[in-house]
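Beneath this line is the structure, given in structure tokens, with notes to follow.
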Amino acid sequence: MEEKIARQEYIFGKRTLIELTEAHQGREHSFPFTELFVKENPGSEIVDKILKKLPSYVKVHKVSVSKLDALVPGRNHQGLVAVKVSSKESTLDQKDLEAILPSKPGAFLILDRIQDPGNLGNILRTAECFGFQNIILPDRESAGITPVVEKVSSGALSFLKIFTVKNLANTLELLKENGYWIVSTSDRGTEDWSKLPDLNELAVLMGNEGEGVKRILMEKSDFVLRIPMHGNLSSLNVTVATGVVLDRLVNRKLP
């Protein structure tokens, strides 16, 4: 009988690991990696910002660059590769979402078919920076949580709850049943952002890189807003658009 071996997951890249290490100071019980492979003769930045700040239980291995290349083939590891803490909660599912909703855990960001790993990673980083901790992704037509997404997000995944669901339309209805208002954006929407409910009652829906939000999802939105544009072009990259929307929602002046 064939034995199934768990796939090892890695976090890599200087910026990602420096930010992860600094963000988890004082939170050693939830440190995101257990082993660190670092190139021989690491630079002072790595020593000062990572190696000196690791919890005592993290094992550090000084290895050759070829060893690092073998751990994450084809990736720009920049001399650092960490073994990610295995966790069944790296992504949550519909049942987890249903269980948490009655407690009103705060605002949600819903990402409809974001297929480029770079965009997804940057959006997750942006969401964390603006205080959004709850993310909903469809299990199909999405980049998913990959090592590239992890690297681009620069450690944001350690602070996010990511729910993967089968049907976004049904999920929007579930959110509404639990007191949430659905907010989406369109070039045909209104610019009046002042009438939105409290931030913690909002589920923000951002759409696919090329097609935007699916029509069936747009029709379920309670508010369809427009980002005011002042140049000659009429649209923004989804990562930039997400940043603009979250900034307007989080930093708006309430009456």
Side-chain angles (χ1 to χ4, degrees), residues 19 23 97 100-101 104-116 118-138 142-143 149 152-157 159-163 165 168-169 171-176 178-255:
E19 290 202 3
L97 179 62
I100 200 175
L101 278 177
K104 296 300 286 283
F108 282 82
L109 176 62
I110 307 165
L111 302 176
D112 175 26
R113 299 168 299 147
I114 304 300
Q115 297 174 336
D116 179 83
N119 282 339
L120 181 55
N122 276 309
I123 289 172
L124 295 178
R125 176 176 173 81
T126 300
E128 201 286 325
C129 287
F130 280 106
F132 276 68
Q133 297 181 340
N134 305 302
I135 313 295
I136 297 176
L137 305 176
S142 172
V149 171
V152 174
S153 71
S154 297
L157 294 182
F159 305 99
L160 300 175
K161 290 186 175 71
I162 299 179
F163 301 89
V165 301
L168 282 182
T171 299
L172 295 187
E173 292 295 340
L174 176 65
L175 287 162
K176 288 185 171 190
N178 283 272
Y180 281 88
W181 302 84
I182 311 302
V183 176
S184 60
T185 58
S186 167
D187 57 4
R188 295 182 295 277
T190 175
E191 285 188 35
D192 189 356
W193 296 64
S194 65
K195 296 181 179 179
L196 294 176
D198 182 79
L199 178 66
N200 289 326
E201 298 176 355
L202 300 183
V204 182
L205 176 61
M206 300 300 298
N208 172 267
E209 290 93 342
E211 301 173 6
V213 175
K214 278 183 179 177
R215 181 179 57 83
I216 188 174
L217 302 181
M218 188 74 74
E219 291 173 350
K220 292 182 180 293
S221 299
D222 300 295
F223 298 90
V224 180
L225 303 172
R226 180 164 68 92
I227 299 173
M229 307 291 287
H230 303 284
N232 295 308
L233 302 180
S234 61
S235 63
L236 296 168
N237 169 277
V238 65
T239 302
V240 176
T242 301
V244 171
V245 170
L246 298 189
D247 175 63
R248 279 181 160 250
L249 295 177
V250 172
N251 295 316
R252 60 189 162 132
K253 293 181 180 179
L254 298 176

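All values below come from the heavy atoms of this structure, side chains included, with hydrogens, waters and symmetry mates left out. What you are looking at is a predicted structure, and each value in this text was computed from that prediction instead of being measured.
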Fill in: Pairwise side-chain contact, M229 with L236, heavy-atom cut-off 4.5 Å (strictly under)
yes

Item to complete: Please check if the side chain of R248 supplies one atom and the backbone of V245 the other of a donor-acceptor pair under 3.5 Å.
Response: no

Worksheet item: So do the side chains of L160 and F132 get within less than 4.5 Å of each other, counting heavy atoms only?
Response: no

Worksheet item: With a 4.5 Å limit on heavy-atom distance, are the side chains of T185 and V224 in contact?
Response: no

Discussion item. Just by distance, no angles: are the side chains of S194 and D192 close enough, under 3.5 Å, to form a donor-acceptor pair?
Written reply: yes

Worksheet entry | Note: E209-R113 ion pair, threshold 4.0 Å (strictly below) | no

Practice prompt. Determine the minimum heavy-atom distance between D116 and A143, stating which atoms define it.
Written response: C-CB, 4.1 Å

Worksheet item: Counting distance only, does the side-chain N/O of N119 pair as donor-acceptor with the main-chain N or O of Q115 below 3.5 Å?
Response: no

Fill in: side-chain contact (heavy atoms from CB on, under 4.5 Å), paired with F130, selected from L109, D247, T242, L199
D247

Item to complete: Check whether any side-chain heavy atom of I135 lies under 4.5 Å from a side-chain heavy atom of L111, and answer yes or no.
Response: yes

Worksheet item: Heavy-atom count around W181 CH2 within 6.0 Å, excluding the residue itself: above 12?
Response: no

Practice prompt. Compute the centroid of each ring, for Y180 and then for F108, and state whether the two points are separated by less than 6.0 Å.
Written response: yes

Discussion item. On a heavy-atom basis, which atom in P197 and which in R252 lie closest, and how many Å separate them?
Written reply: O-NH2, 2.6 Å

Worksheet entry | Residue pair N208 / G210: nearest heavy atoms and the distance that separates them | OD1-N, 2.9 Å

Response to the item:
Tightest non-hydrogen contact, residues T126 and G243, listed as CG2-CA, 3.7 Å

Item to complete: Take I216 and L168, measure what side-chain contact (heavy atoms from CB on, under 4.5 Å) needs, and give me the verdict at the end.
Response: CA-CA 10 Å; I216 188 174; L168 282 182; over 6 Å; no

Fill in: Which atom of L124 lies closest to which atom of S153, heavy atoms considered
CB-CB, 4.4 Å

Discussion item. Is there a salt bridge (charged side-chain N to carboxylate O under 4.0 Å, His left out) between D222 and K176? Walk through the geometry before answering.
Written reply: CA-CA 9 Å; D222 300 295; K176 288 185 171 190; 3.6 Å; yes

Worksheet item: Can you check side-chain contact (heavy atoms from CB on, under 4.5 Å) on T190 and R226, steps first, answer last?
Response: CA-CA 5 Å; T190 175; R226 180 164 68 92; over 6 Å; no

Discussion item. Please give me the minimum heavy-atom distance between N134 and G106, naming the atom from each residue.
Written reply: ND2-O, 3.8 Å

Worksheet item: Can you check whether I110 reaches V204 side chain to side chain, under 4.5 Å on heavy atoms?
Response: no

Worksheet item: How far apart are the C-alpha atoms of I100 and F163, what are their side-chain angles, what is the distance that settles it, and do they pass the side-chain contact (heavy atoms from CB on, under 4.5 Å) test?
Response: CA-CA 11 Å; I100 200 175; F163 301 89; 4.0 Å; yes

Worksheet item: Hey, is E19 close enough to R125 for a salt bridge, meaning N to O under 4.0 Å?
Response: yes

Worksheet item: L205 and D112: side-chain contact (heavy atoms from CB on, under 4.5 Å), yes or no, with the steps?
Response: CA-CA 7 Å; L205 176 61; D112 175 26; 4.2 Å; yes

Worksheet item: Mind checking whether S184 and L217 have side chains closer than 4.5 Å, heavy atoms only?
Response: no

Discussion item. As an exercise, state the distance from SG of C129 to CG of N122, rounded to the nearest 0.5 Å.
Written reply: 10.0 Å

Practice prompt. Would you check if I182 and L175 make a side-chain contact, meaning some heavy-atom pair closer than 4.5 Å?
Written response: yes

Worksheet entry | Expected output: side-chain S186 to main-chain R188 donor-acceptor under 3.5 Å | yes

